[in-house]
Every structure is written in C-alpha cells, then in structure tokens.
Engineer: 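After the structure tokens below, expect a handful of questions from me.
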Amino acid sequence: MSIRGGANASSGMGVADHSKSTYMELQRKKAYRYLIFKIDEKKKEVIVEKTGSPAEGYDDFTASLPENDCRYAVYDFDYVTSENCQKSKIFFIAWSPSVSRIRAKMLYATSKERFRRELQGIHYEIQATDPTEMDLEVIRERAN
C-alpha cells in the first residue's frame, strides 16, 4: 500500500522527498551526525530544518533544538561496546517541550507515526518534553 501523494487530515503531514533522501545520507553514508526536521504548515509536510556535520557532537545537536517549539530529530550515536567494538545506533527523537504551543504539540503528535514510518532503520525512539529526558546518559543507556 502506497502512502505517497497528498496527505489528508487524518494522516497528518506529508514527508518531503528531501527529508527522506537526507535521512538516507545519514543512515547509509554517515554524511551527517544529526538532522532536525520541522513541520512546514503552509506546505503541509515535514522538511529538513538543519543538518549537523559528522564532526559535531551531542551538545551541538541539543543546542540546535528550539527551547519552546516542537521538532523531530534523528541522531546517529557512535559508541564503543564493552568488547571494544565500534557501533552506531540511530535515534529518533520527538522533541515536544512542555512550554510549546498546544497547537504545535498536537500537530507533531498526530504526524509523528507517519513520519517515523518513512525513516527505515531507526533503532530507538525517545519522546522528550525537556532536555533531561534526552540527556546523553539516557541515549548511552538505551544504546547499550
């Protein structure tokens, strides 16, 4: 069943092709450390707001999220296992700060599942309403 084409009210927002292709570059080519996605209400689709280069770290990523508005984000977390193996896990983060507008929270909540389904290869999902819920320690614990 294809979900391409226009989004109706019940399915939330569409997903820009650019969003999918940028995600694939992160996933397959390690072209980015993180991606921040925003809902463009005029276009009725999820677009890429910011990309983080592979050299950027977790602090750069969290600093890129707005304090008072919702976003979707993907973070490619590299770590070393106890057996000394280099691994990486892709996190999907639904950022919905408690101070953001009710309308924004609703919009992001109703569109999340559909958007998340478009991104193949996500290992973990985190819902965060404040920075402590997506602290680097939280990410590290989930990845191991």
Engineer: Can Asp40 and Lys38 be counted as an ion pair, charged N to O under 4.0 angstrom?
Structural biologist: no

Engineer: Would you say the side chain of Arg140 lies within less than 4.5 Å of the side chain of Tyr79, judging by non-hydrogen atoms?
Structural biologist: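 Not in contact.
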
Engineer: Give a yes-or-no answer on whether the side chains of Lys50 and Ser64 include a donor-acceptor pair shorter than 3.5 Å.
Structural biologist: yes

Engineer: Should Arg116 and Glu113 count as an ion pair when the cut-off is N to O under 4.0 Å?
Structural biologist: no

Engineer: In terms of the angle between their ring planes, are Phe77 and Tyr75 parallel, tilted or perpendicular, with boundaries placed at 30° and 60°?
Structural biologist: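 If you compare the ring of Phe77 with that of Tyr75, the planes turn out tilted.
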
Engineer: Is atom CD of Gln86 surrounded by more than 12 heavy atoms (other residues, nucleotides or ligands) closer than 6.0 Å?
Structural biologist: yes

Engineer: Between Arg114 (side chain) and Met13 (backbone), is there a donor-acceptor pair under 3.5 Å?
Structural biologist: yes

Engineer: Ser111 side chain to Tyr108 main-chain N or O, any donor-acceptor pair under 3.5 Å?
Structural biologist: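 No; zero donor-acceptor contacts below 3.5 Å.
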
Engineer: Ignoring hydrogens and angles, state whether a donor on the side chain of Ser88 or Asp76 is under 3.5 Å from an acceptor on the partner side chain.
Structural biologist: yes

Engineer: Can you tell if the side chain of Val74 reaches within under 4.5 Å of the side chain of Tyr23, non-hydrogen atoms only?
Structural biologist: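 Result yes, sub-4.5 Å side-chain heavy-atom pair found.
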
Engineer: Is Lys30 salt-bridged to Glu25, cutoff N-O under 4.0 Å?
Structural biologist: no

Engineer: Output yes when Arg33 and Asp60 qualify as a salt bridge under the 4.0 Å nitrogen-oxygen rule, no when they do not.
Structural biologist: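 No, Arg33 and Asp60 are not salt-bridged.
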
Engineer: With heavy-atom distances below 4.5 Å as the criterion, would you say the side chains of Phe91 and Ile126 are in contact?
Structural biologist: yes

Engineer: Checking ring pair (Phe, Tyr, Trp, His ring centres under 6.0 Å) for the pair Tyr124/Phe92: CA distance, chi angles, key distance, verdict?
Structural biologist: CA-CA 6 Å; Tyr124 300 106; Phe92 178 86; over 10 Å; no

Engineer: Is the backbone N or O of Lys89 less than 3.5 Å from a side-chain atom of His123, with the two atoms forming a donor-acceptor pair by type?
Structural biologist: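 Such a contact is absent between His123 side chain and Lys89 backbone.
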
Engineer: Indicate, with yes or no, if the rings of Phe61 and Tyr34 have centres closer together than 6.0 Å.
Structural biologist: yes

Engineer: Do Asp130 and Glu133 come within less than 4.5 Å of each other through their side chains, counting heavy atoms only?
Structural biologist: yes

Engineer: Decide yes or no for Glu41 and Arg103: does some side-chain heavy atom of the first lie under 4.5 Å from some side-chain heavy atom of the second?
Structural biologist: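 Of all side-chain heavy-atom pairs linking Arg103 with Glu41, at least one is under 4.5 Å.
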
